[in-house]
2 protein chains.
Amino acid sequence: MGIADDAVEIRATGWRTLVALHAMIELELERALGESAGLSVVEYTVLDALDRQDGWHMRMQQLARAAALSPSATTRLVTRLEDRGLLTRVLCADDRRGIYSELTAAGRALYETARPVHDAALERVLAEAGERPELAPMVQALHAEPATV
Amino acid sequence: MGIADDAVEIRATGWRTLVALHAMIELELERALGESAGLSVVEYTVLDALDRQDGWHMRMQQLARAAALSPSATTRLVTRLEDRGLLTRVLCADDRRGIYSELTAAGRALYETARPVHDAALERVLAEAGERPELAPMVQALHAEPATV
DNA sequence: GGTTAATAGTTGCACACGCAAATAGATTGC
DNA sequence: GCAATCTATTTGCGTGTGCAACTATTAACC
């Protein structure tokens, strides 16, 4: 095998590792959030994104990007959360195509409940992943992130 | 904010970064594989896992683990690929509960076609991700992986 | 050695997703 | 100022997924 072939193999292996770590984390978060707040990970992601906007609202597109979802899935996700009274749709005055989503008091309250559970689960699963040799370097990189998303 | 709070934030941000990178890679692989071979990423993953077994067969459980899928999803995935003639189910003699999956000639041929497309797409998307400052460290870690999965 | 418990895989069911088409509103060009 | 184009969001539809219940086989126990 040449150097180029090695690089291909390394990338493929690294990708499989990333998938494994992603699945492991998501599984645990799904379990913890579902159990404690009846929220899925994407649902939590939306509440989290809205909360990080400091009370301000976000458009469907922004939410779609934050949750890595298609427009249609975002519509339905927002509808679900709206039906549960966790957020409200607000028409945008200056661009009447746009629709803002805004946390309700109940939504913010549920988020406040879910957040520590989420954070604890994440810490736990990352600690566990860090002990597996294949996953450790990527966990390390995850911790080193000073990224502004 | 205390040190502990910072750590929580760093983990959350790192997790979001990992999700973003995962989504970006998966989207591109999905596109490339779908276009060139009519395969989804999970389908390719199964063919790849079987091929890496060097002609040998794998049980449903192993495939489920390799593809990060539930048992039921694995059953249906294997059924789909079997219907397309890409693999066959083989009953296991010593443990008659177990079922092996084995690549057919057509399956191996399609895999040989898809693999370079997959590898090229992966290289391309990783290069692109490496240029984004938020993603770069994790891409770096992915390349550094010498992990034996 | 026969009953009980554990394991491997499959099916019913409900649901979340993506794609493509539809709708409604903004923007551009002339 | 109006036609054509572009953008934001929503719906119809088909499909892949997980959970829980089920069947079939093996292992454990006494």
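Just the heavy atoms: all of them, side chains too, but no hydrogens, waters or symmetry mates, feed the values below. Convention: sequence-line order gives letters A, B, ...; per-chain numbering from 1. Just so it is clear, the structure is predicted and the values come from calculations on it, not from any experiment.
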Exercise for the section: List, by chain and number, the other hydrophobic cluster members for B:V90, where Ile, Leu, Val, Met, Phe, Trp and Tyr join if side-chain heavy atoms come within less than 4.5 Å, directly or indirectly. Expected result: B:Y100
Exercise for the section: Scan A:R76 against the nucleic acid and name what it touches under 4.0 Å (heavy atoms): base, sugar-phosphate only, or nothing. Expected result: base
Practice task
Find the distance B:E26:CD to C:dG18:C1' and express it as a whole number of Å.
Solution key: 13 Å
Practice task
Test for a donor-acceptor pair under 3.5 Å between the base of C:dC19 and the side chain of A:S72, counting only N and O atoms.
Solution key: yes
Practice task
Would you mind reading off the distance between A:R80 atom CZ and C:dA14 atom C1', rounded to a whole angstrom?
Solution key: 13 Å
Completion exercise
Separation between CG (B:L47) and CG (B:L87), nearest 0.5 Å, reads 7.0 Å
Exercise for the section: Using atom CG of A:L69 as one end and atom P of C:dC19 as the other, report the distance to the nearest whole Å. Expected result: 12 Å
Practice task
Indicate yes or no for a side-chain donor-acceptor contact from B:Q62 to the backbone of B:R59 under 3.5 Å, with no hydrogens or angles considered.
Solution key: yes
Handout entry: Residue closer to the 5' end of DNA chain D, A:R97 versus A:V78 (nearest nucleotide)
Key = A:R97
Handout entry: Closest-nucleotide ordering on DNA chain C, the 5'-leading residue of A:P71 and A:R96
Key = A:P71
Exercise for the section: Give me the bend of the helix from C:dG1-D:dC30 to C:dC30-D:dG1, using the axes of the five pairs at each end, rounded to 10°. Expected result: 30°
Exercise for the section: Calculate the interatomic distance between B:I99 atom CD1 and C:dT7 atom C1'; express it in whole Å. Expected result: 13 Å
Handout entry: Short side-chain donor-acceptor distance under 3.5 Å, B:T79 and B:R89
Key = yes
Handout entry: Sub-4.5 Å side-chain heavy-atom contact between B:L91 and B:R96
Key = no
Practice task
Give B:L77 one of three labels, base, sugar-phosphate or nothing, depending on what nucleic acid heavy atoms sit under 4.0 Å from its own.
Solution key: nothing
Problem - Contact interval (first through last nucleotide) of DNA chain D with protein chain A, 4.0 Å heavy-atom - result: D:dT7 to D:dC13
Fill in the blank from the handout: Taking for A:D95 and for B:Q62 the nucleotide of DNA chain C with the nearest heavy atom, the one nearer the 5' end belongs to B:Q62
Exercise for the section: With DNA chain D as reference, determine whether B:D94 or A:R89 sits nearer its 5' end, using the nearest nucleotide of each. Expected result: A:R89
Practice task
Specify the separation, in whole Å, of atom CD of A:Q61 and atom C1' of C:dA26.
Solution key: 13 Å
Handout entry: Side-chain donor/acceptor of A:E30 to backbone N/O of A:V41, under 3.5 Å
Key = yes
Handout entry: Basic-acidic side-chain contact under 4.0 Å: A:R11, B:D119
Key = no
Handout entry: A:W15-B:H22 aromatic ring centre distance below 6.0 Å
Key = yes
Handout entry: Heavy-atom donor-acceptor pair, A:E35 side chain to A:A32 backbone, under 3.5 Å
Key = no
Completion exercise
From CD of A:E43 across to P of C:dA16 the rounded distance in Å is 7 Å
Practice task
Give the rounded distance in Å between these two atoms: CG of A:L81 and C1' of C:dA16.
Solution key: 13 Å
